[in-house]
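Residue numbers count from 1 along this sequence.
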Amino acid sequence: PATIVDEIVLRDGGSQLADVDAEGLTVGDDGEFWVASEGRGSVDDSNRPVEFTNKLLRCASDGTLLDTISLPASVNDRQRRFGLEGCAYVDAADGPYVYACWQREWVGDPSGYIRIGRYDVDNDEWRFYYYPREAPVVTGWVGLSEIVALGDETFAVLERDNQADVAARIKRIYTFSVSGLTPLSDASTGSFPVVTKTLVRDLIPDLTADNGPVLDKPEGMTVLANGDVLVVTDNDGVDDSSGETQLVNLGDLFD
């Protein structure tokens with residue numbers, strides 16, 4: 001399971017209890033960090049009541065919390081137990097943005113379409129696109145695990161099913177662009193513009209290169225200064241898993 005952070009450091013040197021499930025990390029201006037924190041609980045599952053909501057955390061280079069950015073109340077009202085999974089900072093010509101990917105659909109989203117949120121840092125405003133996910137091949141579900149900025153308008157994502165070993169089918173890297181698309185507010189849920197994705201890499205051959213089973217959760221991805229792409233799996237803290245972690249260098253994929 002994900003680690004829940006119990007305490008965060010405030011700018012004045014004090015501290016407070018906080019509900020944080022850090023799932024995504026990106027670097028902003030001046031060495032600041034932005035963290036995507038997944039919420040816990042669902043508005044439509046009485047067995048999993050909402051305990052805390054999804055949010056972005058803006059942190060100084062030393063980890064001190066500078067700001068907490070909540071989702072609009074109408075978006076929180078749609079929360080399901082699978083929330084923010086990744087974030088990507090973009091210093092665009094018209095201002096800085098933080099893009100965030102949801103893992104799966106929330107209440108009111110059409111089946112097969114996952115939110116990509118764009119947070120306007122200067123104007124404190126959220127707007128949204130839809131990403132068309134693949135359908136499960138064997139069983140279970142398919143969702144997003146990570147988003148990485150490749151430019152002002154181009155992104156790479158990790159898309160995966162929740163299957164392991166011989167049942168695993170979808171462990172992939174896709175790219176998409178938001179060029180020419182205008183994101184919409186939550187009032188337009190169900191009608192957000194849909195991005196067009198392009199398959200870059202099927203990760204199953206990479207995950208089986210050491211002759212082991214396919215691990216369930218490739219969940220982290222970054223691009224190094226030399227262009228090499230690194231992907232890492234989540235070992236789930238050995239809870240219902242082997243505890244194995246794979247860190248794979250895929251080389252330069254995005255030239």
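- Of the candidates Arg40, Glu23, Glu38, Gln79, Gln79 is the only one forming a side-chain hydrogen bond (donor to acceptor under 3.5 Å, both in side chains) with Asn54.
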Quick one: do Val50 and Phe52 satisfy side chain to side chain contact (heavy atoms under 4.5 Å, CB included)? Show the steps, please. CA-CA 6 Å; Val50 173; Phe52 55 89; 5.9 Å; no
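- Side-chain atoms of Ile116 and Val195, non-hydrogen and from C-beta on, never get closer than 4.5 Å to each other.
- Applying the salt bridge (Lys or Arg N to Asp or Glu O under 4.0 Å) rule to Arg118 yields no partners; only residues at least two apart in sequence or on another chain are considered.
- Considering only heavy atoms from C-beta on, Asp19 stays 4.5 Å or farther from Glu51 through its side chain.
- To the nearest 0.5 Å, the span separating CG on Leu158 from CD1 on Ile173 amounts to 5.5 Å.
- Under the 4.5 Å side-chain criterion, counting only non-hydrogen atoms from C-beta, Phe33 is in contact with Val27.
- Closest approach of Pro183 and Pro193 over heavy atoms only: CA-CG, 4.1 Å.
- Taking CG from Leu25 and CD from Glu146, the interatomic distance works out to 9.0 Å, rounded to the nearest 0.5 Å.
- Considering only heavy atoms from C-beta on, Thr139 comes within 4.5 Å of Gln163 through its side chain.
- Within the 4.5 Å cutoff, no side-chain heavy atoms of Leu65 are placed close to those of Asp67.
- Between the side chains of Asp21 and Ser37, no donor N or O sits under 3.5 Å from an acceptor N or O.
- Annotation: side chain of Val137 is not in contact with side chain of Asp161 (no heavy-atom distance under 4.5 Å).
- Residues forming a side-chain hydrogen bond (donor to acceptor under 3.5 Å, both in side chains) with Arg81 (at least two apart in sequence, or on another chain): none.
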Applying side chain to side chain contact (heavy atoms under 4.5 Å, CB included) to Ser111 and Glu105, what does each step give before you reach the verdict? CA-CA 7 Å; Ser111 178; Glu105 301 94 321; 4.3 Å; yes
Intermediate values then yes/no, side chain to side chain contact (heavy atoms under 4.5 Å, CB included), Thr189 and Arg78: CA-CA 10 Å; Thr189 291; Arg78 304 179 185 280; 3.4 Å; yes
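- Looking at residues two or more places apart in sequence or on another chain, you find a ring-ring contact (aromatic ring centres under 6.0 Å, His included) between Phe155 and Tyr99, Phe176.
- Both Leu84 and Val178 belong to a single network of hydrophobic side chains, linked directly or stepwise wherever heavy atoms of I, L, V, M, F, W or Y lie under 4.5 Å apart.
- The minimum heavy-atom distance linking Val35 with Ala22 is given by the pair CG1-CB, 3.7 Å.
- Rounded to the nearest 0.5 angstrom, Gln103 CD and Ser145 OG are separated by 6.0 Å.
- Considering Phe128, Tyr131, Tyr130, Phe82 as possible partners of Trp102, the one that fulfils the side chain to side chain contact (heavy atoms under 4.5 Å, CB included) test is Phe128.
- For Val138, the side-chain contact (heavy atoms from CB on, under 4.5 Å) partners are Arg169, not counting sequence neighbours.
- Atom CG of Leu56 is separated from atom CD1 of Ile69 by 5.5 Å, given to the nearest 0.5 angstrom.
- With hydrogens and angles disregarded, a donor-acceptor distance shorter than 3.5 Å links the side chain of Asn162 to the backbone of Trp141.
- The side-chain contact (heavy atoms from CB on, under 4.5 Å) search around Ser61 returns none, not counting sequence neighbours.
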Side-chain donor-acceptor pairs of residues 248-255 under 3.5 Å, sequence neighbours excluded:
residue : atom : partner : partner atom : Å
Asn249  : OD1  : Gly251  : N            : 2.9
Asn249  : ND2  : Asp228  : OD2          : 3.3
Asp252  : OD1  : Phe254  : N            : 3.4

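- Listed by chain and number, the residues in a side-chain hydrogen bond (donor to acceptor under 3.5 Å, both in side chains) with Asp94 are Tyr97 (sequence neighbours excluded).
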Run the side chain to side chain contact (heavy atoms under 4.5 Å, CB included) check on Leu71 and Thr53 step by step: do they pass? CA-CA 8 Å; Leu71 295 168; Thr53 59; over 6 Å; no
Which pairs would a plain distance check flag for residues 217-224, meaning a side-chain donor or acceptor within less than 3.5 Å of a matching protein atom at least two apart in sequence or in another chain?
residue : atom : partner : partner atom : Å
Lys217  : NZ   : Asp236  : OD1          : 3.1
Lys217  : NZ   : Asp236  : OD2          : 2.8
Glu219  : OE2  : Arg160  : NH2          : 3.0

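- Listed by chain and residue number, Arg172, Lys197 satisfy the salt bridge (Lys or Arg N to Asp or Glu O under 4.0 Å) test with Glu134 (two or more places apart in sequence, or in another chain).
- Residues Val229 and Tyr174 do not share a hydrophobic cluster, defined by chaining ILVMFWY side chains whose heavy atoms lie under 4.5 Å apart.
- Checked against side-chain contact (heavy atoms from CB on, under 4.5 Å), Ser179 has the following partners two or more places apart in sequence or in another chain: Glu153, Ser177.
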Please list, one pair per line, the donor and acceptor atoms closer than 3.5 Å that link side chains of residues 202-215 to other protein atoms, with sequence neighbours excluded.
residue : atom : partner : partner atom : Å
Asp202  : OD1  : Ile204  : N            : 3.1
Asp206  : OD1  : Arg201  : NH2          : 2.9
Asp206  : OD2  : Arg201  : NE           : 3.0
Thr208  : OG1  : Ile204  : O            : 2.9
Thr208  : OG1  : Pro205  : O            : 3.3
Asp210  : OD1  : Gly212  : N            : 3.1

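- With rounding to the nearest 0.5 Å, the separation of CG in Leu144 from CZ in Arg133 is 10.0 Å.
- Both Tyr113 and Leu181 are members of a single hydrophobic cluster when ILVMFWY side chains are connected at heavy-atom separations under 4.5 Å.
- Side-chain atoms of Arg115 and Asp109, non-hydrogen and from C-beta on, do get closer than 4.5 Å to each other.
- In this structure, the separation between NZ on Lys171 and OG1 on Thr233 is 10.0 Å, given to the nearest 0.5 Å.
- Between Arg80 and Asp45, every side-chain heavy-atom pair lies at or beyond the 4.5 Å cut-off.
- The side-chain contact (heavy atoms from CB on, under 4.5 Å) search around Thr26 returns Trp34, Cys87, Tyr89, not counting sequence neighbours.
- Salt bridge status for Arg127 with Asp186: absent, with no side-chain N to carboxylate O gap under 4.0 Å.
- Note: the hydrophobic cluster containing Ile114 does not contain Val142 (ILVMFWY, side chain heavy atoms under 4.5 Å, direct or indirect links).
- Val157 and Tyr119 fall within the same hydrophobic cluster, where Ile, Leu, Val, Met, Phe, Trp and Tyr residues are linked whenever their side-chain heavy atoms come under 4.5 Å apart, directly or through other members.
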